[in-house]
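One-based numbering, in listed order, for ligands and for the atoms of each. The basis for the numbers below is simple: all heavy atoms, side chains too, and nothing from hydrogens, waters or symmetry mates.
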Amino acid sequence: MSSQVRHLFSLGSRLALCAAMVRPGTALADVGTDHAYLPVWLAKQGLIRSAVAADIRQGPLDRARANIARYGVSNLVSARLSDGLDQIEPREAEDLVIAGMGGLMMIHILKRAPWLKEPARRLILQPMTKAETLRKFLADEGFFIERELAAEEDGHVYSVMQVSYSPQKRRENELFYYIGKITAETAQGRKYLQLQNRRLKRRANGLSKAGNISQANHFFSLAAQIETLLSSAPA
Ligand SMILES: C[S@@+](CC[C@H](N)C(=O)[O-])C[C@H]1O[C@@H](n2cnc3c(N)ncnc32)[C@H](O)[C@@H]1O
């Protein structure tokens, strides 16, 4: 193990947005950490009290361990083999990041940790797919998206959600499941809305070709609602 401590790297805009939602001084769990860039960066900046960098696979965990040692933050960050939150104590996850995974895997992980249902805990979620299914799951389970922003990196646009448990269940309107709290106020937000608009229209066109006109019209109407949001936004 090298004793040389390297200069700190920059996080890409996707992980930087996740990092910005982590509360200073928190005990952090980064689930599906891979390289552990997020907890290492936060530890180097003095922004967290402790972190568990968790991954289900040995290869990523070895990468995480190497980076934790390379950047000299072993006193604050520990790497742990864990399927989701299975090997993580509630006290180690005041804030919890799950980034770069599919929305369905996130749901699977969240369902197995009922102790997440405490208002003081903060979940920061960045799904790669199925964000709409994740938003519906969160609403049905009493979780509330307090803040949601889009990040753009390498030509892709991602949603990052800041979530906490808020005991009354909410019924959101269907459009909410597709766009969450992302607005057209930022360039990244507009790109996210444009992406969801294209996806909804593609789905509507498929349904239309299959002869399912009423369902097609439903999705065309959701797409049109997004167009209205885009057209009333600042250029
Ligand atoms: C694409 S990487 C994301 C790395 C980092 N979080 C990021 O956003 O850049 C996804 C990681 O999640 C891990 N993973 C997948 N399913 C998991 C699970 N159930 N529990 C823990 N880690 C998991 C994979 O092994 C992989 O290292």
Side-chain angles (χ1 to χ4, degrees), residues 8-23 26-45 47-48 50-71 73 76-90 92-116 121-131 133-134 137-138 141 145 147-163 180 182 188 192 195:
L8 190 57
F9 51 87
S10 311
L11 289 177
S13 45
R14 180 182 61 85
L15 284 181
L17 184 52
C18 295
M21 290 186 183
V22 172
R23 290 173 291 188
T26 201
L28 174 75
D30 183 32
V31 177
T33 198
D34 196 349
H35 33 62
Y37 288 153
L38 180 76
V40 166
W41 188 89
L42 286 164
K44 286 295 280 182
Q45 300 283 357
L47 287 168
I48 49 172
S50 65
V52 178
D55 208 284
I56 196 174
R57 293 186 297 133
Q58 192 60 49
L61 206 70
D62 291 343
R63 273 198 288 282
R65 285 213 169 96
N67 282 328
I68 292 164
R70 182 172 301 138
Y71 291 99
V73 289
L76 292 176
V77 186
S78 54
R80 193 173 306 161
L81 205 56
S82 177
D83 182 355
L85 287 153
D86 290 1
Q87 306 303 321
I88 294 172
E89 302 272 340
E92 295 175 307
E94 291 168 359
D95 285 21
L96 159 82
V97 174
I98 314 182
M101 245 184 237
L104 298 184
M105 176 55 79
M106 287 187 186
I107 291 172
H108 178 70
I109 290 172
L110 299 176
K111 267 187 181 165
R112 290 213 314 269
W115 50 267
L116 292 174
R121 241 173 257 288
R122 179 177 287 186
L123 284 60
I124 297 148
L125 307 175
Q126 185 274 298
M128 301 304 269
T129 55
K130 301 273 181 200
T133 313
L134 177 62
F137 165 82
L138 292 171
E141 291 295 315
I145 301 179
R147 234 175 127 207
E148 184 171 0
L149 293 166
E152 194 183 358
E153 193 173 294
D154 299 332
H156 296 282
V157 64
Y158 305 96
S159 148
V160 183
M161 308 170 190
Q162 177 187 310
V163 174
I182 293 179
Q188 296 88 340
Y192 190 85
L195 175 71

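- Proximity of Gly84 to ligand 1 is established by a heavy-atom distance of less than 4.0 Å.
- The single protein non-hydrogen atom nearest to atom 10 (C) of ligand 1 is Gly100 O, 3.8 Å, given as residue, atom name and distance.
- For atom 4 (C) of ligand 1, the closest non-hydrogen atom of the protein is Gly32 O, 3.3 Å.
- Residue contact annotation: His108 has no non-hydrogen atom under 4.0 Å from ligand 1.
- Protein heavy atom closest to atom 19 (N) of ligand 1, with residue, atom name and distance, is Asp83 OD1, 3.0 Å.
- The option with the heavy atom closest to atom 24 (C) of ligand 1, from among Leu85, Val97, Ile109, Asp55, is Asp55.
- Just one of Glu148, Gln188, Arg14 meets the side-chain hydrogen bond (donor to acceptor under 3.5 Å, both in side chains) condition when paired with Ser159; it is Glu148.
- Applying the 4.0 Å criterion to heavy atoms of Met105 picks out, from ligand 1, the atoms 19 (N).
- Using a non-hydrogen distance threshold of 4.0 Å, Ser82 registers as a contact of ligand 1.
- Side-chain N or O atoms of Thr33 include none that pairs as donor or acceptor with a backbone N or O of Ala53 at under 3.5 Å.
- The shortest N/O to N/O separation between Arg57 and ligand 1 falls below 3.5 Å.
- In terms of heavy-atom proximity, Asp86 sits nearest to Ser82 at N-OG, 3.5 Å.
- The two residues Met161 and Pro127 make their nearest non-hydrogen contact at CE-CG, 3.9 Å.
- Two residues are said to be in side-chain contact when any heavy atoms from C-beta on lie closer than 4.5 Å; His35 and Leu15 meet this criterion.
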Run the salt bridge (charged side-chain N to carboxylate O under 4.0 Å, His left out) check on Asp83 and Arg112 step by step: do they pass? CA-CA 10 Å; Asp83 182 355; Arg112 290 213 314 269; 3.3 Å; yes
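- Residue contacts with ligand 1 include His35, since one or more of its heavy atoms lies under 4.0 Å from the ligand.
- Among all non-hydrogen protein atoms, the one lying nearest atom 9 (O) of ligand 1 is Arg14 NH2, 2.7 Å.
- Using the six-membered ring where Trp is involved, Tyr37 and Phe9 have ring planes that are tilted, between 30° and 60° apart.
- Summary of contacts: the protein heavy atom closest to atom 22 (N) of ligand 1 is Ile56 N, 3.3 Å.
- Residue-to-ligand polar distances keep Leu15 apart from ligand 1: every N/O pair is separated by 3.5 Å or more.
- In Pro60, the part holding a heavy atom less than 4.0 Å from any atom of ligand 1 is the side chain.
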